[in-house]
Asker: 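I am attaching a structure below and will ask some questions about it afterwards.
These values consider heavy atoms only, across backbone and side chains, with no hydrogens, waters or symmetry-generated copies.
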Amino acid sequence: MTANSSSLPAALRRLTLMVSGEDSLDDQDAGDQPRKGLPHERYLLGEQVPLAPVLLLGQSQQAVDPEQNIACLQPVHLHATRDHLILMGQNQIDLTKNETDELLNAARPFIEEDFGHPILFHDQHYWFIAAGPFESLASYSVDQAHGRNIDWWMPRDTHQEGVAKIWRKLQNEIQMLWHIDPVNEAREARGLPSINSLWISGIGKLANVKMPVHLTKSQQIYSHHPLMAGLAKHAHIPFARDVDLKGLVNAFVWSERPDTLWPHLQQALEQKQLDEVLIIDFPDGKTRERIFTAKSLNKKSWAFWKKTETLTWKEIISS
């Protein structure tokens with residue numbers, strides 16, 4: 001392993017592998033509000049974390065005005081415990097496309113009246129709209145807030161007071177509307193969690209995206225995350241969901257299962273298909289960049305007469 005450098009010589013064959021990060025408890029305990037964005041979201045987008053316009057760009061075919069503030073709305077389930085509510089992740093609620101269409105049809109008049117704009121685009125899990133009067137809200141993504149007490153993660157006022165209160169009023173109206181919706185009656189009959197609230201997050205504009213150099217200099221992006229499809233389109237970089245093992249050179253990969261990809265990258269290094277792999281991860285919420293070459297894959301050992309062993313993914317990520 002060697003120290004990282006942002007410069008990439010033209011002849012150097014590198015693959016960049018990014019791993020998702022979690023919040024540092026120190027970050028969230030400091031101050032009177034959470035830090036916006038998960039570590040990898042801040043790394044990819046910059047400190048303002050304008051998730052919504054990038055997600056919209058990646059999931060639709062429509063042009064996105066780089067100067068327009070966009071908000072992301074998501075139908076969610078809030079799980080009631082003894083003394084607080086917990087936000088469930090999108091992968092836990094089994095929401096279908098038909099269900100989200102019906103819920104949106106019921107809520108659309110309320111949403112569009114308060115936002116002062118029409119819904120721009122929607123799919124199974126994401127609805128997008130110009131942020132309008134809500135553009136000053138500080139908000140937090142479902143990925144960041146799920147599994148946690150929502151009191152700490154609810155949208156907050158920034159420089160304009162009263163906006164969070166208006167949002168909560170709209171949120172409450174939709175909660176009451178969906179409480180009696182046939183979609184939830186059918187879901188509860190099937191033993192599924194009700195869709196009992198609407199979450200707002202990702203407010204921002206494309207003009208505020210600050211992509212890292214390792215991403216902008218890449219020639220191919222691989223990821224199953226919809227955010228990367230938007231960044232690829234924004235930067236005019238070829239994109240694919242699945243990694244092509246014949247197209248690793250100068251690629252950027254955000255993998256949710258790096259442990260299954262790592263043996264292929266090891267082989268590419270050993271067979272000199274790649275010169276190095278740059279691994280970006282976020283221990284304790286801090287960005288860490290490490291370069292691995294074929295030589296640095298070997299474990300250090302004083303028993304020089306024994307066959308050298310290569311580092312496993314678990315050893316790399318935990319070191």
Side-chain angles (χ1 to χ4, degrees), residues 18-60 64-74 76 87 89-90 120 125-132 134-148 150 152-160 163-164 167 198-216 221 223 225-235 252 254 256 280-289:
M18 190 191 78
V19 183
S20 301
E22 294 294 334
D23 288 319
S24 165
L25 292 178
D26 291 340
D27 279 348
Q28 301 307 343
D29 290 342
D32 59 357
Q33 65 183 45
R35 187 177 181 185
K36 185 189 292 188
L38 289 165
H40 57 270
E41 293 172 343
R42 295 193 298 269
Y43 174 79
L44 292 169
L45 299 171
E47 286 296 321
Q48 294 189 46
V49 200
L51 281 163
V54 180
L55 288 169
L56 172 60
L57 187 66
Q59 295 180 69
S60 73
V64 178
D65 181 352
E67 294 297 335
Q68 184 176 46
N69 281 293
I70 306 294
C72 177
L73 304 176
Q74 292 174 270
V76 297
L87 175 64
Q90 292 285 28
L120 294 168
H125 296 295
Y126 300 92
W127 306 348
F128 299 97
I129 191 168
F134 299 102
E135 65 181 26
S136 66
L137 277 182
S139 60
Y140 309 93
S141 69
V142 171
D143 285 349
Q144 185 174 14
H146 78 89
R148 294 166 165 176
I150 66 165
W152 182 238
W153 301 97
M154 290 292 284
R156 301 160 186 253
D157 290 332
T158 54
H159 59 273
Q160 186 176 353
V163 179
W167 165 253
L198 188 67
W199 196 260
I200 186 171
S201 67
I203 300 169
K205 53 188 178 182
L206 277 180
N208 289 335
V209 172
K210 305 295 182 186
M211 293 172 61
V213 65
H214 295 307
L215 186 55
T216 59
I221 294 175
S223 180
H225 199 289
L227 179 65
M228 297 305 287
L231 287 174
K233 189 180 292 187
H234 183 55
F252 187 103
W254 176 10
E256 294 299 328
I280 302 171
D281 61 352
F282 306 90
D284 298 321
K286 307 292 191 299
T287 302
R288 177 174 64 170
E289 300 179 357

Asker: Are H125 and V142 packed together at the side-chain level, in the sense that at least one heavy-atom pair is separated by less than 4.5 angstrom?
Answerer: no
Asker: In chain order, what residues pass the side-chain hydrogen bond (donor to acceptor under 3.5 Å, both in side chains) check against S223, with sequence neighbours excluded?
Answerer: none
Asker: Determine the minimum heavy-atom distance between I200 and L137, stating which atoms define it.
Answerer: CD1-CD1, 4.4 Å
Asker: Side chains of R288 and P39: closer than 4.5 Å at any heavy-atom pair?
Answerer: no
Asker: Output, in order, the C-alpha distance, side-chain angles, deciding distance and verdict of side-chain contact (heavy atoms from CB on, under 4.5 Å) for L215 and M18.
Answerer: CA-CA 10 Å; L215 186 55; M18 190 191 78; over 6 Å; no
Asker: What's the separation between atom CZ in F128 and atom CD in Q74, rounded to the nearest 0.5 Å?
Answerer: 7.5 Å
Asker: What pair of heavy atoms forms the shortest contact from A52 to C72, and how long is it?
Answerer: CB-N, 3.5 Å
Asker: Within a strict 4.5 Å, meaning less than it, do heavy atoms of the L45 and P50 side chains meet?
Answerer: yes
Asker: When rounded to the nearest 0.5 angstrom, what distance separates CG in L231 from CE in M211?
Answerer: 5.0 Å
Asker: Starting at CG of L51, measure out to CG of L227 and round the result to the nearest 0.5 Å.
Answerer: 6.0 Å
Asker: Of all heavy-atom pairs between Y140 and K36, which one has the smallest distance, and what is that distance?
Answerer: CE2-CA, 3.9 Å
Asker: On the 0 to 90° scale, with breaks at 30° and 60°, tag the F134-W167 ring pair as parallel, tilted or perpendicular.
Answerer: perpendicular
Asker: Just so I know, are the side chains of W199 and M154 near enough to count as touching, which here means a heavy-atom distance under 4.5 Å?
Answerer: yes
Asker: If you compare all heavy atoms of F252 against all heavy atoms of Y43, which two are closest, and at what distance to 0.1 Å?
Answerer: CZ-CE2, 4.4 Å
Asker: For G37, does its backbone N or O pair with a side-chain atom of Q144 as donor and acceptor, under 3.5 Å?
Answerer: yes
Asker: Taking all non-hydrogen atoms of both residues, which atom of G285 and which atom of R42 are closest, and how far apart?
Answerer: O-NH2, 3.9 Å
Asker: Output the distance between atom NZ (K205) and atom CD (Q68), rounded to the nearest 0.5 Å.
Answerer: 10.5 Å
Asker: Side chains of H214 and E289: does their closest heavy-atom pair fall under 4.5 Å?
Answerer: yes
Asker: What's the separation between atom CH2 in W254 and atom NE2 in H225, rounded to the nearest 0.5 Å?
Answerer: 4.0 Å
Asker: Can you check whether S136's main-chain N or O pairs, donor with acceptor, with T158's side chain at less than 3.5 Å?
Answerer: yes
Asker: Looking only at heavy atoms, which two atoms of I203 and A71 are closest? And how far apart?
Answerer: CG1-CB, 3.9 Å
Asker: If we only count heavy atoms from C-beta on, is the Q59 to K233 side-chain gap below 4.5 Å?
Answerer: no
Asker: Within this structure, what is the CG-CE distance for the pair L44 and M228, rounded to the nearest 0.5 Å?
Answerer: 5.5 Å
